[in-house]
Amino acid sequence: MAGISLTEEQIRQAGQVFVNEAAVIGEQERTVAAGTVDATAAGRTFFADAEAYTTVIDRLRAAVRDSSARASRIGDTLITNAGDYASTEGTNTGHLRAAQ
């Protein structure tokens, strides 16, 4: 493991990648939400199929929304805790050097 380390800034950058991706995912959900297809647009013959389609889309939107929220939380946590990681990494490195 000699020579391998992460800086506080690298941790923050990784967190920002998650936050940025969450924004992209969230935009996809908003695009689907803006759709105008619903059961009534399908007509009486296809109403049941259109209702099923709407249910699937609603479930998909919920999953995408959840994915966006989770990615955002991961990013926020990495950004918030980057300093703690860097501090712990420095302490651990000092202990290892002292043990040599």
Heavy-atom closest pair, residues R12 and I79: NH1-O, 2.8 Å
Neighbour count above 12 (heavy atom, 6.0 Å) for F18 CZ: no
Side-chain heavy atoms of Q16 within contact of Q13, under 4.5 Å: no
Atom pair CG (D66) and CZ (R61), whose distance is rounded to the nearest 0.5 Å: 13.5 Å
Test side chain to side chain contact (heavy atoms under 4.5 Å, CB included) applied to T54 and V56, D58, I57, the passing residue: D58
Where A22 and S72 come nearest, the two heavy atoms and their spacing: CB-N, 3.6 Å
Partner residues of T7 under the side chain to side chain donor-acceptor pair (under 3.5 Å) criterion, sequence neighbours left out: Q10
Heavy-atom pair of closest approach, residues I25 and S68: CG2-CB, 3.6 Å
D84 CG to I11 CD1 distance, which is reported to the nearest 0.5 Å: 11.0 Å
Distance in Å, Q28 CD paired with T31 OG1, rounded so as to fall on 0.5 Å steps: 7.5 Å
CZ on R73 to CG on L78, rounded to 0.5 Å: 13.0 Å
R70 atom CZ, over 12 foreign heavy atoms within 6.0 Å: no
